[in-house]
Q: 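Before anything else, here's the structure in question.
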Amino acid sequence: MGDRAIRRLLIANRGEIAVRVARACRALGVVPVAVASEADRGALHTRVAAETVVIGPAAPAASYLNVERLVRAAQERRCDAIHPGYGFLSQSPRFAEAVESAGLIFVGPPAQAMRLMGDKIASRRAMAGGGVPVVPGYEGTGDEDAETLRREAASIGYPILVKAAGGGGGRGMRVARTARELAAAVDSARNEARKAFGDPRLFLEKVVEDARHVEVQILADRHGGYLHLYERECSVQRRFQKIVEESPSPALDAGLRDALGAAAVAAARACGYVNAGTVEFLLDRDRRFHFLEMNTRIQVEHGVTEMVTGVDIVQAQIGIAQGAPLPLRQEEVRTRGHAIECRVNAEDPSRQFAPSSGRVLVVSFPERPGVRVDAGVESGDVVSSHYDSLIAKIMVHAGDRAAAIAGMEETLARTAVLGVETNLPYLRAILAHPIFRSGEATTEFTDRALAGWRSAGGPVPDETVIATAVAEAVGAASFRHAAPGVPEDANQESDRYSAWSRADCFRVGAG
Amino acid sequence: MRLHFRIQETIRTVRIERSGETYHATMDDRTFSVALARADGPRLDLVIDGRPVTVFVAAAGDRRIVKVGSADPVALERVSGRAPRAGAPIAGDEVVTAVMDGVVTAVAAREGERVTPGAPLVVLEAMKMEIRLVAPLTGRVKRVACAVGDVVARGRVLVELEPSA
């Protein structure tokens, strides 16, 4: 782990985060090398990279989760380091070890910190031991029988969350509202835990009602330096998946904010953490906070922190991995204004948010000051059913929360994603909701306030039909910019359909 | 030019006439005056009865997905050539004309060849924009009246079609 410069970096991921990491590489003069499954050939994350290695079939197990193949790809392309992004192998200690034993730098925390935080039972114990408050609950060996768990649950009090020790990120969880529901919840959680994580161990946590999910971004270097970049509010979730995040949290005052930051740094210290990480807390009705889990990777929602602090977290990750000290001191971290992120997912709100795959015919985001879009697709790209449905993150930064909400509403209204269904109408409903606007949303907000929400399916306005007809008349759907540098077709006989096939690449259909 | 769209279970018909830079679009006896302020790929900036509105449109086969202003996108189906209940082909659809001044960069139409709605006929290019003209109906190519390299003015006849009965 001596200090070494990173000149070429393999990005072991896909989609928007791979694009994001490549952008950080370019800013630092590092050569970004992409990997792609066969289904991702030509995808945006390969177009922004300097080179691409095709690593295997579409199924993640055969490509983005294939440790040996990824390490070999990095060696073949003479990379110095691997950035895992989020998801896939980002929290796999085995991957980090394989990368380092191949003589490469893993842009992330040490394997032992990942291992500790990946074991939710061990991490609860370590946090409690380090003086960080944890959610009330019970953790034993993880293999307790239903009778033991029933007894423990009764003493904690219902409702109870049954959680997998190997889980996290909202997976491997079951709620039991009463003792009667506990046995089924335990069975079901154990089954899922065994299948999904290869680890059947379970523990119990009290459901913190009306909780807010507040997390703290931390950075740690190899020289014992730690700092936090304040918090993100992530209470707006659907089925335990975050969809709208913001910074700062409207739930904190200055005292609580500093206490949370200090607790996050204590958590990072307690596990010998290095690089960027996130400590998640639940804030209860009485404004007490409890450690939930630590995510040992870059998070999807890191951008809102970057907007308010001005710190480029991905660039910091690469710097730290090279052995550099933290780019600033705690007292130099200042936040400015308010930032909100909306996750645009390719899913169909009218079909229980089922993933919507296929070719995205049009992707267009408004460009204005204070708006940042981290997207994984452009017009004409394919959203594959093999991978998660996040296609873009829209972030808006403004002077205060009200202005950020107004800017986000305007940005969502002007965003066009045509060809696949998206949750954009649902995001707009969240932004428009009085509970969200008041800053009072808890983790139960979408279940309670938006359970009955349906995407508007009313009559199509005349104006829409008229606009479509005029678009047909002017041939808008078939307009495209002639590609510069492509010679005009001289030989029409032998290449009679080339113009059509070129046009078809853009899927711009009949005129 | 008459265009038909299926929206859920109904057919809406829009008749479009062009005078200069303005399109007069009539639907159900109401006429809208539409000016094209700017066209950039799938994005059109229109002025409909004096109100500016940005439109995005995508086509997949006969399906059109359209986002108008700040509204959520909706899907319509283009019913090519003629309304399903109409007996005769739409007058004017037999003649494919240049929709803008430009250069013919490709000709796919062949005299005598059978075509179906959406079949490629001619590619026009102007100002680095390409527009492809396709058959609006089912029938046969009666005459090809242009060749690659022709500089054509808006309105010039490029291809004549013969609708099948």
Q: Do the side chains of A:Arg428 and B:Ser70 get nearer than 4.5 Å, heavy atoms only?
A: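 Yes, close enough: below the 4.5 Å cut-off.
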Q: Counting heavy-atom pairs under 4.5 Å to chain A, which of B:Arg63, B:Arg18, B:Arg30, B:Arg51 comes out on top?
A: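 When all of B:Arg63, B:Arg18, B:Arg30, B:Arg51 are compared, B:Arg51 has the most.
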Q: With only heavy atoms counted, which part of B:Ala75 is less than 4.5 Å from chain A, the side chain, the backbone, both or neither?
A: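 When you check distances to chain A, no heavy atom of B:Ala75 falls under 4.5 Å.
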Q: Heavy-atom cut-off 4.5 Å, strictly under: side chain, backbone, both or neither for A:Glu463 against chain B?
A: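 Both backbone and side chain of A:Glu463 come within 4.5 Å of chain B.
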Q: When rounded to the nearest 0.5 angstrom, what distance separates CG in A:Leu361 from CZ in B:Arg64?
A: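 Result: 10.5 Å between the selected atoms.
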Q: For B:Leu3 versus A:Ala469, what's the shortest heavy-atom pair and its separation?
A: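 In this case the closest contact between B:Leu3 and A:Ala469 is CD1-O, 3.3 Å.
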Q: Begin with the C-alpha distance, continue with both residues' side-chain angles, and end with the deciding distance and a verdict on side-chain contact (heavy atoms from CB on, under 4.5 Å) for A:Asp462 and B:Arg12.
A: CA-CA 9 Å; A:Asp462 284 357; B:Arg12 312 287 307 261; 3.1 Å; yes
Q: As an exercise: rank A:Thr468, A:Val460, A:Thr464 by heavy-atom pairs under 4.5 Å with chain B and give me the winner.
A: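 Looking at each option in turn, the highest pair count goes to A:Thr468.
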Q: If every non-hydrogen atom of B:Phe5 is compared with every non-hydrogen atom of A:Val465, which pair is closest and at what distance?
A: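 Reported closest heavy-atom pair: CD1-CG1, 4.1 Å.
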Q: Quick check: are there more than 12 heavy atoms from other residues, nucleotides or ligands sitting under 6.0 Å from CZ of B:Arg38?
A: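 Result for CZ/B:Arg38: enclosed.
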Q: Can you find a heavy atom in the side chain of B:Asp72 that is under 4.5 Å from one in the side chain of A:Leu424?
A: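 No. Closest side-chain heavy atoms not under 4.5 Å.
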Q: Can you tell me which residue among A:Val363, A:Val362, A:Leu418 is in a side chain to side chain contact (heavy atoms under 4.5 Å, CB included) with B:Pro42?
A: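 Output: one option passes, namely A:Val362.
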Q: Search all heavy atoms of B:Val57 against all heavy atoms of A:Ala471 and return the closest pair with its distance.
A: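 Closest pair (atom of B:Val57, atom of A:Ala471, distance): CG1-CB, 3.9 Å.
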Q: Can a donor-acceptor pair be found, under 3.5 Å and without considering hydrogens, that links the side chain of B:Lys67 to the backbone of A:Ala413?
A: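 Pair found, side chain donor or acceptor close to backbone of A:Ala413.
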Q: With a 4.5 angstrom heavy-atom cut-off, is it the side chain or the backbone of A:Thr422 that approaches chain B, or both, or neither?
A: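 Looking at A:Thr422, nothing touches chain B.
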Q: Quick one: does A:Val470's side chain get under 4.5 Å of B:Phe32's, heavy atoms only?
A: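 Not in contact.
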Q: Give the member of B:Thr54, B:Asp49, B:Ile16, B:Asp28 that has the highest number of heavy-atom pairs under 4.5 Å with chain A.
A: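 Most heavy-atom pairs within the cutoff with chain A belong to B:Ile16.
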